[in-house]
Number of protein chains: 2
Amino acid sequence: MSDERTITFTNALRQAGLRLTPQRLAICRALANHPSHPTAAELFEQLRADFPTLSLATVYTTLSTLLALGLIHDLGSAGDGTLHYDPDTEPHVNLICTRCHQISDLGDETLAAVSQRVARRSGYEILGARIAYYGICPTCAKHSSRGASGRR
Amino acid sequence: MSDERTITFTNALRQAGLRLTPQRLAICRALANHPSHPTAAELFEQLRADFPTLSLATVYTTLSTLLALGLIHDLGSAGDGTLHYDPDTEPHVNLICTRCHQISDLGDETLAAVSQRVARRSGYEILGARIAYYGICPTCAKHSSRGASGRR
DNA sequence: ATGCATGCAAACTCTTTGCAAACGC
DNA sequence: GCGTTTGCAAAGAGTTTGCATGCAT
């Protein structure tokens with residue numbers, strides 16, 4: 001699968017002078033192969049099976065480390081009160097359902113043009129992008145029709 | 001200034017069958033005239049002068065209400081651990097400095113095209129957008145050159 | 001062998017909730 | 001007057017931190 005991405009992660013860690021512990025490797029691997037936009041707790045639960053002693057604190061620490069190295073992005077909360085991370089640092093659109101709080105992705109060629117304009121017009125040194133559209137996903141739209149729901 | 005926007009807010013509250021309390025009016029007004037992307041705590045501090053008895057809980061509740069009505073947007077955290085809100089629901093780009101955590105805006109005509117494509121291709125009923133580019137703002141870039149900083 | 005990283009638990013911060021009093025409608 | 005909303009305080013949740021032990025280099 002995306003073992004390449006795992007290698008990218010681990011190489012970056014080594015280059016930063018950080019130790020490649022089994023925990024870090026596992027977290028990198030889990031992120032690289034994760035199909036979605038996990039939270040710290042989700043990664044923790046997933047890795048718990050293989051690392052019974054793994055601590056949630058370690059997951060948080062490692063995520064912060066990877067974030068600081070720019071290997072992953074912080075999506076902020078999806079309305080569910082917890083922070084989601086995105087292992088895909090390429091510019092893409094996040095689709096966030098305000099009903100089920102699920103996040104899915106969407107690529108768009110027009111985005112590259114937008115990114116270039118943003119960089120040029122803002123004077124920012126762009127490090128990454130978080131592009132999120134909020135709405136009701138087709139599945140939720142089918143299932144029911146609750147009124148506007150609060151957060152969390 | 002944007003008294004129009006204040007009126008939009010208050011009208012929406014009335015239409016939703018909610019009472020127009022002084023607190024809600026003040027919060028709507030503060031949001032409508034706010035130049036940036038305030039947090040609950042910032043609004044609370046700002047309004048405290050005029051409403052000594054105002055409670056932070058009320059600010060949170062009112063923000064949730066306005067959010068549910070779609071009158072404001074939830075920007076999530078800007079890397080500072082607190083939730084920021086955006087009184088401007090028109091599609092625009094948020095520029096977030098990963099160093100000073102300040103958020104500024106940028107309009108772009110190309111965005112309208114992106115939004116349309118997103119809606120068409122995703123099948124989502126788009127309720128709003130959060131488009132954020134992370135980077136170092138020109139001011140911070142000038143001032144110094146600290147290494148990658150953690151969150152909060 | 002040398003420290004950096006982990007794990008545990010406690011601390012901290014932000015946000016939400018319960019309930020009695022107050023007030024808009 | 002009725003029922004929602006406020007204010008206070010305490011609870012709840014997510015995230016971070018301190019310190020002793022363990023492990024990658």
Side-chain angles (χ1 to χ4, degrees), chain A residues 9-28 30 37-45 47-48 50-69 72 74-85 101 149-152, chain B residues 9-28 30 37-45 47-48 50-69 72 74-85 101 149-152:
Chain A
F9 283 1
T10 53
N11 278 346
L13 284 174
R14 306 192 88 103
Q15 281 184 23
L18 299 169
R19 293 183 182 167
L20 187 56
T21 64
Q23 294 89 338
R24 281 180 176 162
L25 176 60
I27 292 171
C28 285
H37 310 81
T39 64
E42 282 167 5
L43 288 172
F44 175 62
E45 281 303 324
L47 295 171
R48 199 172 214 179
D50 299 310
F51 287 82
T53 79
L54 181 66
S55 164
L56 183 54
T58 301
V59 177
Y60 275 108
T61 309
T62 304
L63 285 172
S64 291
T65 303
L66 294 174
L67 198 63
L69 292 174
I72 60 176
D74 175 359
L75 292 181
S77 100
D80 57 357
T82 67
L83 298 176
H84 291 254
Y85 294 86
H101 301 304
S149 65
R151 303 192 327 90
R152 181 159 302 193
Chain B
F9 282 0
T10 53
N11 278 346
L13 284 174
R14 305 192 89 102
Q15 281 184 24
L18 299 169
R19 293 183 182 167
L20 188 56
T21 64
Q23 294 88 338
R24 280 181 177 160
L25 176 61
I27 292 170
C28 285
H37 309 81
T39 63
E42 282 167 6
L43 289 172
F44 175 62
E45 281 303 324
L47 295 171
R48 200 172 213 178
D50 298 309
F51 287 82
T53 78
L54 180 66
S55 163
L56 183 54
T58 301
V59 177
Y60 275 109
T61 310
T62 304
L63 285 172
S64 291
T65 304
L66 294 173
L67 198 63
L69 293 174
I72 59 177
D74 176 0
L75 292 182
S77 99
D80 57 357
T82 66
L83 297 175
H84 290 254
Y85 294 85
H101 302 304
S149 66
R151 301 192 329 88
R152 184 159 298 196

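On a predicted model such as this, the values are computed, not experimentally measured, just so you know. Note: hydrogens, waters and symmetry copies are ignored here, and every other heavy atom, side chains too, is used. All chains are named by letter (A, B, ...) in the order of the sequence lines, taking the proteins before the strands, and each is independently numbered beginning at 1.
- Rounded to a whole Å, the OH atom of B/Y60 is 5 Å from the C1' atom of C/dT15.
- Here the C1' atom of nucleotide C/dA5 and the CG atom of A/L54 are 12 Å apart, to the nearest Å.
- B/H84 places a side-chain N or O within 3.5 Å of a backbone atom of B/H37 that can act as its donor or acceptor partner.
- Residue A/R14 has no polar side-chain atom (N or O) positioned under 4.0 Å from OP1 or OP2 of D/dA24.
- Residue A/T21 places its side chain closer to C/dA5 than to any other of C/dA5, C/dG7, C/dT17.
- Computed from coordinates, the A/D74 CG to D/dG14 P distance equals 16 Å when rounded to whole Å.
- Considering only side-chain N and O atoms, A/Q23 lies under 4.0 angstrom from the phosphate OP1 or OP2 of C/dG7.
- With rounding to whole Å, A/L43 atom CG is found 12 Å from D/dT15 atom P.
- Nearest nucleotide to the side chain of B/L18, out of D/dT15, D/dT5, C/dT6: D/dT5.
- Residues A/L56 and A/A40 approach most closely at CD1-O, 4.0 Å, considering heavy atoms.
- Between B/T53 and the phosphate of D/dG7, there is a side-chain N or O to OP1/OP2 separation shorter than 4.0 Å.
- Picking from C/dG24, D/dT17, D/dG7 the nucleotide with the shortest atom distance to the side chain of B/P22 gives C/dG24.
- For the pair A/A57 and B/A57, nearest-nucleotide mapping onto DNA chain C gives the more 5' position to A/A57.
- Projected onto DNA chain D by closest heavy-atom contact, A/A40 and B/P52 fall at different nucleotides, the more 5' of which corresponds to B/P52.
- Phosphate contact (OP1/OP2 of D/dG7, side-chain N/O of B/T58, threshold under 4.0 Å): present.
- Between A/Y85 atom OH and D/dG14 atom P there is a gap of 13 Å when expressed in whole angstrom units.
- A donor N or O paired with an acceptor N or O is not found under 3.5 Å between the base of D/dT25 and the side-chain atoms of A/R19.
- The separation between B/F51 atom CZ and D/dC8 atom C1' is 18 Å, rounded to whole Å.
- As rounded to whole Å, 11 Å separates atom P of C/dT15 from atom CD of B/E42.
- For the pair B/R24/B/L18, a side-chain contact is recorded, criterion being any heavy-atom separation below 4.5 Å from C-beta on.
- Taking both residues in full, the closest heavy atoms of B/A12 and B/L69 are given as O-CD1, 4.4 Å, listed atom of the first, atom of the second, then distance.
- Atom C1' of nucleotide C/dC14 and atom NE2 of B/H84 are separated by 12 Å, given to the nearest angstrom.
- What you find for A/D74 and A/Y85 is that their closest heavy atoms are CA-CD2, 4.2 Å.
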